Every structure is written in structure tokens, then in C-alpha cells.
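Worth knowing before you read on, the calculation uses all heavy atoms, side chains too, and leaves out hydrogens, waters and symmetry mates. What you are looking at is a predicted structure, and each value in this text was computed from that prediction instead of being measured. Residue numbers begin at 1 in each chain, while the letters A, B, ... track the order of the sequences.
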Amino acid sequence: MKIVFFGSSHFAVSSLEALIKSGYDIACVVTQPDKKKGRHLHLASTCVKTLAEAAGIDVFQPQDINTNDSVNHLKAIGADLFVIVAYGQILSQPVLDLPGVMAVNIHASLLPKYRGAAPINWAIIKGEEITGVTIMRVERRMDCGPVISQKEISINEDDTAISLEISLSRLGGELLLETVKNIKNVKLFPQNDLYATYASKLKKSDGLIDWKKTAIEIYNLVRGTLPWPGAFTYYNSKLVKIYIVEKFMLFDKKDFSCGEIVEILKDGIVVVAGKGAVIIKELQIEGKRRMTAAEFIAGHKVSVGESLLTKK
RNA sequence: CGCGGGGUGGAGCAGCCUGGUAGCUCGCAAGGCUCAUAACCUUGAGGUCAUGCGUUCAAAUCGCAUCCCCGCAA
């Protein structure tokens, strides 16, 4: 069984690793081209590329996977199976028709729920208690192909999008091995579009905290938007990222407005939400490093009655 | 050469513009108060003000250069 692996982000690494460790014949790894990234826009390659090179596998990084040149390059490999995990480009039908058996995709949700680019983030933001990974046959419509296998996992109270991505990534790797084993005669279960929901790619603005929302919603937003864009608010005209909060539900807010600081603890700042309050435990002001609330309080003259705002 | 913020006792910050005694909150140590305490009061230790060069009678502060950290953007 000759496999071509398509992947770019961290989520793909575990799956590729699993395939390598199990001794599958990976003829080529396709990943996004190196891009200028980071503080001084230096060239950076994807983590998948790093792993592939370490394992001595050929790497293919087309700007556009659907051009004739790209298709011919893939065709020449003569693969039986395409495994696509968080690749970052949409494959056209000519590409999908190349593998002898089929093209499969690992998606980080229990399809048909949370189709789209950011299923892990949105599952947490929406307060889901269970999510999982799905392997399906790839079809032209995004994340709509028939399901081959699925595995559930519960979302813990203290999970963030980062920790959940790691868990799901591992789970995806396990499920991939089980699925690939008898990929030639699997059953396909069509998705029911009636139950489909969409998890669009996060925008910076998705991380903006609306203090009128409930403490639980804000708590979920903080956990779900990591590592990017992160939940943020504004204090003294500066952007403040909020990394860790605790829910603080028992709170009578009648005399306060949403976003108002009502109490300063030794190691936390209590802020009123639409329902309940949250305690900020770890934060970061623009230009400064991430710090605990205790550190922040020590150096900034935070006082009760000040407010966190939704804009500068 | 993408834009910007910053490096000041152990931590987080002020002071810099308008050079002239090293400041604040916390932590730490000792003592006191207290049934008691992470609370409160008193005292104390701890700093080449990132590095180098320059300007000046005098530089944390002004100028030039270097190193390091971080946010945004992507």
C-alpha cells in the first residue's frame, strides 16, 4: 500500500508519525510551501515538513496543488491511498481521482457537526462536552464525504483548544491506523446534512470578549480561542489578552456594569459578566509578556470600578 | 530590511520628555500585634539602571552602535 500524506499544521503530525512508526510505505509528503512568518518575516517550514525530512521522506510543496504540473507529479507516484490531514488547500476532483483505493481525510470533529476549518476551537467555544475525530472519504464538498470511522473523546472542563488539539491529534493517529488496515473493504456511511454545523476559520475579532455574555461563555471563549487569536479585551486603551480565567458564578451584579472590575484578589481580578463573573488569573498586555494576575496587580495600579472594554 | 512595545534589587512597574541623593506594589528576612493568619504595624537585606562608545562638571535620563525579550501583522 503506497501512501501519499497531505498535511501542514500540528494536528497532522501525530497521524504522519503513526503511519511512519507502523512501517507504511509513505511515498511522499505534501505540505504547504515555506512562508514568511514571525517577527521579522523569516522563512519558516511547516512542522509536517520537518518531520518528513527527519524520516527521509520526499517532500512536495506546491503553491497550488491543482495545477497540471502538480497533478502530474502526484500521478507519477502511483499511490493507492491519499491521507489528508489539515493540509490547507482544497483538492480538485482530478487530484482526488488519482489514488487507486481512495482519498481519506481526518477531521477533528464528530461529523456532520463542525464541518470546516476550526472544529476544535468552536467545539470548546460552543461549550460542547463531547467531540472526536472522523475519517471520511474525501469528496469535492468540504468535509461532506461519507464517514468511514469515528472516535469520541470528552472535553474536560480545563481543556483548552491547545490541549484538545493534542488529544484529538493522537486519537486521529490511532483511528487512522485502525482504518487504514482494511481500507480496501470498508463500509461508507453517508452524512446526514440535516445535522451539519459549520466551524469557520477563526478571525482575530472572534477573540474579542463581549462582557455582556455569561461567565461560562467567556470562560469557553478563553479556552477555545487559544493559541490564536486568544480572548482579548481592552484596558486603558491597550489590548489585553486573557489566558486563564475561572468562572465565578455566585455573584449579584445589580449595582455593577458588565466588564467592571469589582474585586482585586491577591492573585486574580474579578470582572462582572452578563451573568456571573470571571476571575482573570493570567493575562498579557500588548508589548509585554504573559504574566499572572498577581504580577500584573503588583506593577499596575488596578482599582475596583475600572472597566474592561470592547474597544480602545 | 513588515509595524510597534520593552530590558531599572527575586517578580511586576514608575522615574527618562524638562540630566543633579534609586522610587512604588509584591516577595524575602527580622521584630511586633494577635487565639491565630496569606491580615496589620515597624525595621532590614538586596540594584554594574541590558552592553559598549560618545556628549557633559555630572547620564537610568541625551546621542550612536550592539545584544536580548515581547505584542501586532502574516
*Asks:* Table please: side-chain donor-acceptor pairs of residues 91-98 of chain A below 3.5 Å, with sequence neighbours left out.
*Replies:*
unit_1, atom_1, unit_2, atom_2, d
A/Ser92, OG, A/Asn66, OD1, 3.0
A/Gln93, NE2, A/Asp97, OD1, 3.0

*Asks:* Please state the P separation for the pair B/rG52 and B/rU42 - nearest whole angstrom.
*Replies:* 39 Å
*Asks:* For B/rC41 and B/rG5, measure between their C1' atoms and round to the nearest Å.
*Replies:* 40 Å
*Asks:* Which value, in whole Å, describes the distance between the P atoms of nucleotides B/rC64 and B/rA29?
*Replies:* 45 Å
*Asks:* Taking atom C1' of B/rG71 as reference, at what distance in whole Å does atom CG of A/Leu283 sit?
*Replies:* 13 Å
*Asks:* What is the base-pairing partner of B/rG71, counting Watson-Crick and G-U wobble geometry with both distances under 3.5 Å?
*Replies:* B/rC3
*Asks:* Can you check the A/Leu265 CG to B/rA39 P distance for me, whole Å?
*Replies:* 14 Å
*Asks:* Write down the partner of B/rG19 under the Watson-Crick or G-U wobble criteria, each distance required to be under 3.5 Å.
*Replies:* none
*Asks:* Please report, rounded to the nearest Å, how far the P atom of B/rC72 is from the CZ atom of A/Arg290.
*Replies:* 13 Å
*Asks:* Just to verify, what does A/Glu246 make a salt bridge (Lys or Arg N to Asp or Glu O under 4.0 Å) with, not counting sequence neighbours?
*Replies:* A/Lys281
*Asks:* Sort out the partner of B/rA14 for me: Watson-Crick or G-U wobble, both distances under 3.5 Å, none otherwise.
*Replies:* none
*Asks:* Output one letter per nucleotide in nucleotides 1-13 of chain B: B when a protein non-hydrogen atom lies under 4.0 Å from the base, S when only the sugar-phosphate is that close, - when neither is.
*Replies:* -BB-BS----SBS
*Asks:* Using both distances under 3.5 Å as the test, list the Watson-Crick or G-U wobble partner of B/rU51, or none.
*Replies:* B/rA65
*Asks:* What does the list of N/O pairs under 3.5 Å between the protein and nucleotides 65-68 of chain B look like, with a distance for each?
*Replies:*
none

*Asks:* Say you pick atom P in B/rU61 and the same atom in B/rG20; how far apart are they, in whole Å?
*Replies:* 10 Å
*Asks:* Does A/Lys37 reach a base, just sugar-phosphate, or nothing at all? Heavy atoms under 4.0 Å.
*Replies:* base
*Asks:* Output all residues satisfying side chain to side chain donor-acceptor pair (under 3.5 Å) with A/Glu129, sequence neighbours left out; order by chain, then residue number.
*Replies:* none
*Asks:* Given the P atoms of B/rG12 and B/rA58, what is the spacing between them in whole Å?
*Replies:* 34 Å
*Asks:* Could you tell me how far B/rU48 sits from B/rA60 if I compare only their P atoms? Round to whole Å.
*Replies:* 13 Å
*Asks:* On the 0 to 90° scale, with breaks at 30° and 60°, tag the A/Phe232-A/Tyr234 ring pair as parallel, tilted or perpendicular.
*Replies:* perpendicular
*Asks:* For A/Lys241, which residues count as a salt bridge (Lys or Arg N to Asp or Glu O under 4.0 Å) partner, sequence neighbours excluded?
*Replies:* none
*Asks:* Expressed in angstrom and rounded to an integer, what is the separation of A/Leu202 atom CG from B/rA73 atom P?
*Replies:* 13 Å
*Asks:* If we take the C1' atom in both B/rG7 and B/rU51, what is their distance in whole Å?
*Replies:* 11 Å
*Asks:* Distance check needed: B/rC69 P versus A/Gln284 CD, whole Å only.
*Replies:* 15 Å
*Asks:* Please enumerate all residues that pass salt bridge (Lys or Arg N to Asp or Glu O under 4.0 Å) together with A/Glu178, with sequence neighbours excluded.
*Replies:* A/Lys151
*Asks:* Which class fits the ring pair A/Phe296 and A/Tyr235: parallel under 30°, tilted 30 to 60°, perpendicular over 60°?
*Replies:* perpendicular
*Asks:* What residues, two or more places apart in sequence or in another chain, satisfy salt bridge (Lys or Arg N to Asp or Glu O under 4.0 Å) together with A/Glu260?
*Replies:* none
*Asks:* Taking only residues two or more places apart in sequence or in another chain, which ones pass side chain to side chain donor-acceptor pair (under 3.5 Å) with A/Glu139?
*Replies:* A/Arg137
*Asks:* Output a table of donor-acceptor pairs, distance under 3.5 Å, between side-chain atoms of residues 203-212 of chain A and any protein atom two or more places apart or on a different chain; print 'none' if there are none.
*Replies:*
unit_1, atom_1, unit_2, atom_2, d
A/Asp206, OD2, A/Lys203, N, 2.7
A/Asp210, OD1, A/Lys212, N, 3.0
A/Trp211, NE1, A/Thr233, OG1, 3.0

*Asks:* Got a sec, which residues hit side chain to side chain donor-acceptor pair (under 3.5 Å) with A/Arg141, two or more places apart in sequence or on another chain?
*Replies:* A/Asp193
*Asks:* In the structure shown, which nucleotide is the Watson-Crick or G-U wobble counterpart of B/rG27, with both distances under 3.5 Å?
*Replies:* none
*Asks:* Just so I know, are the side chains of A/Leu177 and A/Tyr24 near enough to count as touching, which here means a heavy-atom distance under 4.5 Å?
*Replies:* yes
*Asks:* Considering only heavy atoms, which members of residues 239-247 of chain A lie under 4.0 Å from some atom of RNA chain B?
*Replies:* A/Lys241
*Asks:* Just the rounded figure in Å: distance from P of B/rC72 to OH of A/Tyr234.
*Replies:* 11 Å
*Asks:* Could you give the distance separating B/rA73 and B/rA39 at their P atoms, to the nearest angstrom?
*Replies:* 40 Å
*Asks:* Taking the side chain as every heavy atom from C-beta outward, state whether A/Leu202 and A/Ile125 have any atom pair closer than 4.5 Å.
*Replies:* yes
